[in-house]
Amino acid sequence: MPTKEEVYEKIKLALVDALGVDDDEIKPQATLVGDLGAESIDFLDIVFRLEKAFDIKIPRGELFPEDVLTDAKYVKDGRVTDTGVAELKKRMPFANLDEFAKNPIVQDFANVLTVADMCRFVESKVQVAG
Amino acid sequence: MRWFWIDRFLEFESGRYATAVKCVSLAEDYLHDHFPQSPIFPNSLVIEGLAQTGGLLVCEHNQFTEKVILAKLPKAQFFCEAKPGDVLTYKATIEYENADGAAVSATSHIGDRLQCQAEIVFAHLNAPWLGTFFSPEAFLSMMRVFGAYRVGHAADGSPLLPPPGMCTSAKQFRDEQLAALPSGIDP
């Protein structure tokens with residue numbers, strides 16, 4: 001059973017290898033897209049590394065529910081509707097979406113996910129010691 | 001010129017690894033421009049050869065049911081140049097795979113010397129427009145041209161065969177392979 005620190009270190013290694021960034025750029029509050037430069041295809045690589053490192057399965061859309069952002073039911077005029085924000089919060093309990101919810105522009109959503117969110121996501125999939 | 005950047009497979013174990021060779025020849029046109037009087041096999045074509053080796057490995061393992069696309073090179077490091085007369089030995093190993101794609105580690109050697117080390121991420125795409133370019137038959141044809149079914153085996157050690165639906169029978173396929181050999185060669 002890994003500790004929170006061990007989860008963080010493994011995620012850090014996965015991000016360094018997948019994104020070609022330096023160790024010291026990985027901070028809990030760093031956003032994957034804005035701060036670490038992740039592009040859409042990097043999420044596939046990151047998911048591979050996390051699944052392998054933690055022996056877990058991450059179904060498509062679980063870490064990054066992009067289907068919500070392309071669903072006319074949840075998006076209007078380039079903004080996520082209140083129902084859409086509620087759906088995102090339901091699907092992403094590991095992420096803090098309060099700031100995004102204040103001005104939910106679809107294009108800005110890519111920059112929501114942080115390293116700390118990713119840690120909480122993995123912790124929700126593996127049993128963590130302590 | 002055909003977009004074939006390996007000459008043939010040397011080993012092929014379904015779902016695990018494959019090795020292939022690329023013989024660099026001064027008869028290949030592009031070497032006279034890359035560079036005049038100083039031909040060097042382009043590193044980008046080494047990557048393409050590694051991707052063809054690994055891509056067919058991934059493709060075969062999912063029975064040619066997915067369109068396998070080179071999505072990303074997380075790492076590619078070159079240690080020396082390849083020149084006419086060199087025989088590059090490529091090895092691709094599946095490190096991880098799931099329904100969305102696969103991660104492959106790959107190396108290129110000239111003799112015992114490591115020439116390139118790379119990681120390749122392949123994605124499975126289902127965009128309909130890709131159908132024309134990524135027909136299962138085209139991949140099967142490449143596998144045959146590269147000799148994968150002559151040297152390959154399944155994880156249990158049995159001979160590698162195309163998916164049952166892709167040729168009428170294993171015997172027919174074998175007969176076709178034999179018919180394609182020059183006369184006088186006994187495999």
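Naming: A, B, ... by sequence-line order, numbering from 1 per chain.
- When all heavy atoms of A/Phe48 and B/Asn98 are compared, the pair lying nearest together is CE2-OD1, 3.2 Å.
- Interface remark: A/Asp17 contributes backbone atoms only to the contact with chain B (heavy atom separation under 4.5 Å).
- Placement of B/Leu70 and B/Phe139 within a single hydrophobic cluster is found when ILVMFWY residues are connected by side-chain heavy-atom separations under 4.5 Å, directly or transitively.
- For chain B, the nearby parts of A/Glu51 are the backbone and the side chain; heavy atoms of each come within less than 4.5 Å.
- Between the CG atom of A/Asp45 and the OH atom of B/Tyr96 there is a distance of 12.5 Å, given to the nearest 0.5 Å.
- Applying the 6.0 Å contact sphere to CG of A/Asp77 captures no more than 12 heavy atoms from other residues, nucleotides or ligands.
- When side chains are defined from C-beta on, A/Ile41 does not count as touching B/Val121, because their heavy atoms never get closer than 4.5 Å.
- Residues A/Leu44 and B/Asp100 meet the side-chain proximity criterion, which asks for heavy atoms closer than 4.5 Å.
- Dense packing is recorded around CG of A/Asp67, with more than 12 heavy atoms of other residues, nucleotides or ligands lying under 6.0 Å away.
- Few gaps surround CD on A/Glu6; more than 12 heavy atoms of other groups in view lie less than 6.0 Å from it.
- In this structure, B/Asp112 places its CG atom where only 12 or fewer heavy-atom neighbours from other residues, nucleotides or ligands lie under 6.0 Å away.
- Proximity to chain A (any heavy atom under 4.5 Å) is restricted, for B/Glu119, to the side chain, taken from C-beta onward.
- A donor-acceptor pair under 3.5 Å is formed between the side chain of B/Lys72 and the backbone N or O of A/Ala18.
- Annotation: A/Gln29, atom CD; neighbour count of heavy atoms from other residues, nucleotides and ligands within 6.0 Å is above 12.
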